[in-house]
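Reading through the structure tokens given below for one structure.
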Amino acid sequence: MTTASTIPRTVDDWLEQIRLAKSYQAEDGRLERWKQNHEYYDNIYPENVIAVNLVFSIGRALVPQLYFKTPTILCTPRKPGRAQQAKILEAIDSWLIPHLGMKQQIKLAILDAYRTNIGVFKFGYHSIGTELPSTREEPSPTWLGPMRTALADYLSRVSPALGTLMRPNEEEEDEQEEARRRYSYHDWIRPNAPWMLRVDPKDFLVPWRARDIHEAPWCAFRVVRPLEDVKEDPVYVQTATLQANVKMTLPLSGAVRSPNDQGVILPSDKGPQQAVPMVEGFEIWDKRTGLLLTVAEGHDQFLRHQEHGWKIDGLPVEILQFNPNGDDFWGKSDVDQIKVLVQEYNETRTVELMHKKTAVTKFLCFQDAIDDTELDKATQGRIAFIKTKLPPVGNVMPLTMNMSRDLYNMSDVSRKDISEVIGYSRNQVGEYDADRRTATEAAMVQQALQLRADERRDQVADVLAAAFQRKIHPTIFQFWDTPRIIEVTALGGWVEYTGTDIKGDYEVKTVADSVVPLTRMERQRTSLIAFEKLKNDPRIDQQRLYSVVLGAFEDVLPPDLLLPPQQQQQNMLQQALQAGGMPGQPGQPASPAEGNGRAEARPLVSALQ
């Protein structure tokens, strides 16, 4: 059990914890393995090796199988009476996915998990330094804009002069956003919105011997930013004496690590002398105390030390891990498991090439049988007459060297071993045993091929659902306290809401089969099937139903084909009157002579009226 005395208090205490966390991350040569894994993926092999880059091919095949092209987030309320709020929340989630660039971040994290066994998603709000509304010294005019606009609209109905005075100053808001851009300029970090970014696994630290993120009392992110940006960012304090502890030169290939191996990059003698002063800091989130702290080597004061008050579940991070083992937080990646086999496969291919070169046809001949100039004709690759001093028969003999088929067999064995280790057997990679190619076996191969991918796709789906349920939704509930609008198809149009309005307890799931987006023809076919089932159903908004179906055919049908509701009622009324003849006087029943058509049309006319 953690006591108050064991919680770090001072800058030196936290720097010591950071050093221990770095040691935990680097033990058993882990960082060197990660570096080599990245090099193999980028096709950086020893110069004398013929590389067949299986690390890259397997990794690239893995990404499209696991990430979601059209993610579908489902929110189910755990208490009655919150169905409409759940639909609003689903619409917000669908809007946030492209707004936050989540698909790109998921792709990068999948590659990280493949190469290092861990993909890290970091969450924040408003700026790169997570400038939470509850921790800002002065609320941003941009944040107050919608509230002031609503108040101005109300006062305008009372007094136009007061309404004009209360309207937000657009120039002031532009200046505020311009100031924010000077220190927070990431395209996926928007003002007054949550964000989710992939973090390099090397820049993420957990306490010594933590086995998973759920039991970790704190986590830290290594942040390297220009010194100028750090001093400009309002979240940092006590920066007057802060000095650059990192320098990066261009080109980056000329940068070297410092002898103390603390992750500090110093300029080398190569490349231009111009260097950008940088600060390497560690952003620490302590689950026990609710504190957000930032420390830097060589600086004896906290750059940040405050209670963040952010009501998320756990730490602001989600972890994607393909091979958790329960004992080691970091574990070993897929590339770690197959790297030796890939090296053996490449060595075999290199030997094959050497044998191929030595197997070129050669000749043995007596020393004085052919002149050197005539010998050159034999190696020029074209038809030529070679003059010999002695009869060629018996004096010139071809020397043939055959390649052993065992080399090719060794390549096949190595390739199959890699497939087995990575989780795909012969059938799972689409191969058949012997010559059997029945329809039943083909179906089994297809099913087995998806088994491994489905399990990992489910892992990605769980991380995405946890990101919304544990991080993004609580952020929306807490900080979106001014009215916003969003289009909710299930509720028939645009809806105004605040975070408080939709706050609740929801079960969040990611549809794991939403990997392949619907084609245009599939969307049209699905729309027609739904239309046949729902048309003339009094419980369904027919106007909206027709609009959605016509929208699926927008490339062949004009968008204004659907008449406005008033025009539709007039046309239906006219058709009903024409079917039943001229109506009688109001309040008088129809005579038998008027026929059943008019009598049947009257309820429809009354309903339309």
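Count residues from 1 along the sequence.
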### Task
Please test Phe204 against Phe221 for ring pair (Phe, Tyr, Trp, His ring centres under 6.0 Å), starting from the C-alpha separation and ending with a verdict.
CA-CA 5 Å; Phe204 178 69; Phe221 300 93; 5.4 Å; yes
### Query
Do Val279 and Leu227 have side-chain heavy atoms sitting under 4.5 Å apart?
yes
### Task
Assess whether atom NZ of Lys231 is packed by more than 12 heavy atoms of other residues, nucleotides or ligands within 6.0 Å.
yes
### Cation-pi geometry met for Lys503 and Phe477 (6.0 Å, 45°)
no
### Task
Could you tell me the separation between the OG1 atom of Thr294 and the CD atom of Gln238, rounded to the nearest 0.5 Å?
11.5 Å
### Task
Report yes if the side chains of Thr510 and Ile73 come closer than 4.5 Å at any heavy-atom pair, otherwise no.
yes
### Query
How far apart are the closest heavy atoms of Ala296 and Glu280, and which atoms are they?
CB-O, 3.5 Å
### Query
Within the side chain of Thr10, is there an N or O that forms a donor-acceptor pair under 3.5 Å with the backbone of Asp13?
yes
### Query
Does the distance from a Lys or Arg side-chain N to an Asp or Glu carboxylate O, for Glu318 and Arg470, drop under 4.0 Å?
yes
### Query
Are more than 12 heavy atoms from other residues, nucleotides or ligands located less than 6.0 Å from atom CD of Glu228?
no
### Query
How long is the span from the CH2 atom in Trp195 to the CG atom in Asp187, to the nearest 0.5 Å?
14.0 Å
### Message
Can a donor-acceptor pair be found, under 3.5 Å and without considering hydrogens, that links the side chain of Arg190 to the backbone of Leu100?
### Response
no
### Summary
Heavy atoms of His214 and Asp212 approach each other most closely as N-OD1, 2.9 Å
### Task
Using the test salt bridge (charged side-chain N to carboxylate O under 4.0 Å, His left out), find all partners of Glu215 that sit at least two apart in sequence or belong to another chain.
Arg211
### Task
Output yes when a side-chain donor or acceptor of Gln321 lies under 3.5 Å from a complementary backbone atom of Phe329, and no otherwise.
yes
### Query
Of the non-hydrogen atoms in Met278 and Val224, which two are nearest, and what is the gap between them?
CE-CG1, 3.7 Å
### Query
Angle class for the Trp285/His308 ring planes (parallel below 30°, perpendicular above 60°, tilted otherwise)?
tilted
### Message
Using a 3.5 Å distance criterion without hydrogens, assess whether the side chain of Trp480 forms a donor-acceptor pair with backbone atoms of Asn192.
### Response
yes
### Summary
Residues at least two apart in sequence or cross-chain that pass salt bridge (charged side-chain N to carboxylate O under 4.0 Å, His left out) with Glu496, listed by chain then number, are none
### Query
Considering residues at least two apart in sequence or located in another chain, which fulfil the side-chain contact (heavy atoms from CB on, under 4.5 Å) criterion with Asp200?
Arg198, Lys202, Asp203
### Query
Rounded to the nearest 0.5 Å, what separation is found between the CD atom of Gln469 and the CD1 atom of Ile312?
13.5 Å
### Task
Would you name the heavy atoms of Cys75 and Ala86 that are closest together and state the gap between them?
O-CB, 3.5 Å
### Query
Under the 3.5 angstrom rule, does the side chain of Thr498 hit a backbone N or O of Asp481 as a donor-acceptor pair?
no
### Query
Is any side-chain heavy atom of Ile476 closer than 4.5 Å to a side-chain heavy atom of Ile472?
yes
### Spatial distance of atom CD (Glu307) from atom CG (Leu291) [nearest 0.5 Å]
6.0 Å
### Query
Would you say Thr241 and Gln301 make side-chain contact, with heavy atoms under 4.5 Å?
yes
### Test ring-ring contact (aromatic ring centres under 6.0 Å, His included) applied to Phe56 - qualifying residues, sequence neighbours left out
Tyr41
### Non-hydrogen side-chain atoms of Ile88 and Asp501 separated by less than 4.5 Å
no
### Task
Enter the distance from Lys509:NZ to Leu74:CG here, rounded to the nearest 0.5 Å.
8.5 Å
### Query
So do the side chains of Tyr185 and Asp229 get within less than 4.5 Å of each other, counting heavy atoms only?
yes
### Task
Describe, in one word, how the ring planes of Tyr24 and Trp208 are oriented to each other, choosing from parallel (under 30°), tilted (30 to 60°) and perpendicular (over 60°).
tilted
#### Entry: Identified side-chain hydrogen bond (donor to acceptor under 3.5 Å, both in side chains) partner of Asp334 from the options Arg456, Arg115, Lys339
Arg456
### Task
Write down the atom of Asn37, the atom of Val55, and the distance for their closest heavy-atom approach.
O-CG1, 4.5 Å
### Task
Quick one: do Leu293 and Arg304 satisfy side chain to side chain contact (heavy atoms under 4.5 Å, CB included)? Show the steps, please.
CA-CA 5 Å; Leu293 314 102; Arg304 196 171 187 180; 5.8 Å; no
### Query
Quick one: do the Gln343 and Tyr40 side chains pair a donor with an acceptor below 3.5 Å?
yes
### Query
Any chance the side chains of Tyr125 and Gln478 put a donor and an acceptor closer than 3.5 Å?
no
### Task
For residues 26-43, pull every pair meeting salt bridge (Lys or Arg N to Asp or Glu O under 4.0 Å), keeping only residues two or more places apart or in separate chains.
Glu27-Arg209, Arg30-Asp328, Arg33-Asp336
### Message
Given 3.5 Å as the limit, does a donor-acceptor pair link the side chain of Asp286 with the main chain of Trp218, or not?
### Response
no
### Query
Got a sec, which pairs hit side-chain hydrogen bond (donor to acceptor under 3.5 Å, both in side chains) with one end in residues 49-64, sequence neighbours left out?
Tyr45-Asn53
### Task
Begin with the C-alpha distance, continue with both residues' side-chain angles, and end with the deciding distance and a verdict on side chain to side chain contact (heavy atoms under 4.5 Å, CB included) for Asp112 and Ile118.
CA-CA 6 Å; Asp112 287 338; Ile118 184 171; over 6 Å; no
### Query
Where do Phe302 and Trp14 land on the side chain to side chain contact (heavy atoms under 4.5 Å, CB included) test, with the steps shown first?
CA-CA 10 Å; Phe302 284 104; Trp14 277 112; 3.9 Å; yes
### Query
side chain to side chain contact (heavy atoms under 4.5 Å, CB included) between Thr130 and Trp310: does it pass, once the steps are laid out?
CA-CA 10 Å; Thr130 305; Trp310 193 7; 4.1 Å; yes
### Task
Mark yes or no for whether Lys287, through its side chain, and Gly314, through its backbone, hold a donor-acceptor pair below 3.5 Å.
no
### Salt bridge present between Glu297 and Arg19 (N-O < 4.0 angstrom)
yes
### Check: Phe123 and Thr475 side chains under 4.5 Å, non-hydrogen atoms
no
### Summary
Between the CD1 atom in Ile128 and the CG atom in Leu197, the distance rounded to the nearest 0.5 Å is 6.0 Å
### Flag side-chain contact, heavy atom, 4.5 Å: His126 against Leu132
no
### Query
Under 3.5 Å, side chain of His38 to main-chain N/O of Trp34, donor-acceptor pair present?
yes
### Query
Charged N to carboxylate O under 4.0 angstrom, Arg225 versus Glu283?
no
### Summary
Arg180 and Pro191 have their tightest heavy-atom pair at NH2-CD, 3.4 Å
